[in-house]
There are 2 protein chains.
Amino acid sequence: MREPFHPSADSLDLVAILAALSDPTRLTILIRLAEADAAIRCGDFTDLATKSNLSYHFAKMREAGLVSLRSEGTSRFLALRRNDIERQFPGLLDQLIASAKRMEDKPLNSQSAAPTDAAESKPQRKRV
Amino acid sequence: MREPFHPSADSLDLVAILAALSDPTRLTILIRLAEADAAIRCGDFTDLATKSNLSYHFAKMREAGLVSLRSEGTSRFLALRRNDIERQFPGLLDQLIASAKRMEDKPLNSQSAAPTDAAESKPQRKRV
DNA sequence: TCCATTGTTCAATGGTTGTTGAACATATGA
DNA sequence: TCATATGTTCAACAACCATTGAACAATGGA
């Protein structure tokens, strides 16, 4: 399979990185990669979304320079580009991972104090 | 002027925060607020975008819980919600600010090594 | 060789985003 | 009171995003 384009370490763009992580599915992918501390087969994420949708999310993360993708047989493996990101933005990735974990523990369900005053709520899109 | 809605400290959502910062204009606003270490008048950002566009960006940041907005006379003041963010995501804000500063120093112009192989480039939208 | 696995690409679709100018609101000062 | 300064809201618009199912590509067995 054709190896896809990966941005060089020193062309990493913070805006792209943050955009790539401002999505619940991709944040979850990040957490799993961080906890595994190793490459993960793409197929191991199929609980998160459909195959084609995952392909889309992987591409987003790859284009942002967050992950690298390599083929092995009929499978594909996803790996965090820890060193490259650390070089450009020291400390950032660990902090993002820590915050993401903290978020998944308390998944925003704790609706503190009656929000009677028509508080705006994020749509949290899913079905189309 | 009607005081707008501000999300409570413990309803801060990481996805919203990252989305709010995945934009060059808003990252610049963040940097200025951090460097000033004080509230800044909205009018002091008019070099970044039109008035109405700034209003939009301020709202995004406010809804994400990044900043608070308060009126004073005919002016409005924008302030970083440091403490609230720190409580929910300790260390995150400082790290984001540091990364943002690091980015503005080397503003992505350093096109290292001839990218002859049709590398994809982010459109970096501006005009409409 | 044929088939099953694994993942990508494509077109379509509906929602969201960033941007603009014009109109509006609100407070201050002459 | 009337004008000025400062921001907000609105409708409109193009670009982009997340999602889907169907079709496609490539690899590794039976």
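Each chain gets a letter, A, B and so on, in the order the sequences are listed, and its residues count up from 1. Note that the structure is a prediction, hence the values are computed from the model and not measured. What you see below is based on every heavy atom in this structure, not just the backbone, and it leaves out hydrogens, waters and symmetry mates.
For the residue pair B/R76/B/S71, the side-chain donor-acceptor check at 3.5 Å is satisfied.
Atom CZ of residue A/F45 and atom OG1 of residue A/T28 lie 9.5 Å apart, to the nearest 0.5 angstrom. A distance of 5.5 Å separates CG in A/L21 from CG in A/L30, rounded to the nearest 0.5 Å.
At least one side-chain nitrogen or oxygen of A/R26 sits closer than 4.0 Å to the OP1 or OP2 atom of D/dA18. Checking the phosphate oxygens (OP1, OP2) of D/dT19, a side-chain nitrogen or oxygen of A/H57 falls inside 4.0 Å. For the OP1/OP2 pair of D/dG7 and a distance below 4.0 Å, the side-chain nitrogens and oxygens of B/S55 include no atom meeting the criterion. The shortest distance between the side-chain N/O atoms of B/K51 and the OP1/OP2 oxygens of D/dT6 is not below 4.0 Å. When the side-chain nitrogen and oxygen atoms of A/R41 are compared with OP1 and OP2 of C/dG7, one or more of them lie within a distance under 4.0 Å.
We find that CG of B/L48 is positioned 15 Å from P of C/dG18, with the value rounded to whole Å. Atom pair A/E63:CD and C/dT8:C1' shows a separation of 13 Å (rounding to whole Å applied). One can place CE of B/M61 at 16 Å from P of D/dG7, the figure rounded to the nearest angstrom. As rounded to whole Å, 16 Å separates atom C1' of D/dC17 from atom CG of B/L18. Between the C1' atom of C/dT8 and the CZ atom of A/F5 lies a distance of 18 Å, rounded to the nearest Å. Taking atom CG on B/L21 and atom P on C/dT17, their separation rounds to 14 Å, with Å as the unit. When the P atom of C/dT19 is taken as reference, atom NZ of B/K60 falls 12 Å away, rounded to whole Å. The distance between atom CG of B/L54 and atom P of D/dT9, rounded to the nearest whole Å, is 14 Å.
Counting distance only, with no hydrogens placed and no angle test, the side-chain atoms of B/S52 and the base atoms of C/dG21 include a donor-acceptor pair under 3.5 Å.
Between A/A19 and B/L69, the residue anchored nearer the 5' end of DNA chain D, judged by the nucleotide with its closest heavy atom, is B/L69. Mapping A/Y56 and A/S75 onto DNA chain C by nearest heavy atom places A/S75 at the nucleotide closer to the 5' end.
Linking Ile, Leu, Val, Met, Phe, Trp and Tyr residues whenever their side-chain heavy atoms come within less than 4.5 Å places B/L48 and B/L80 in a single cluster.
For B/R76, the side-chain atoms get nearest to D/dT8 when compared with the rest of C/dT20, D/dT8, D/dA18. Picking from C/dT28, C/dT17, C/dT6 the nucleotide with the shortest atom distance to the side chain of B/T74 gives C/dT28. Each of D/dT19, C/dG7, C/dT17 was ranked by its minimum atom distance to the side chain of A/C42; first place goes to C/dG7.
Ionic pairing of B/D37 and B/R32 is not present here: no N-O contact between side-chain nitrogen and carboxylate oxygen is shorter than 4.0 angstrom.
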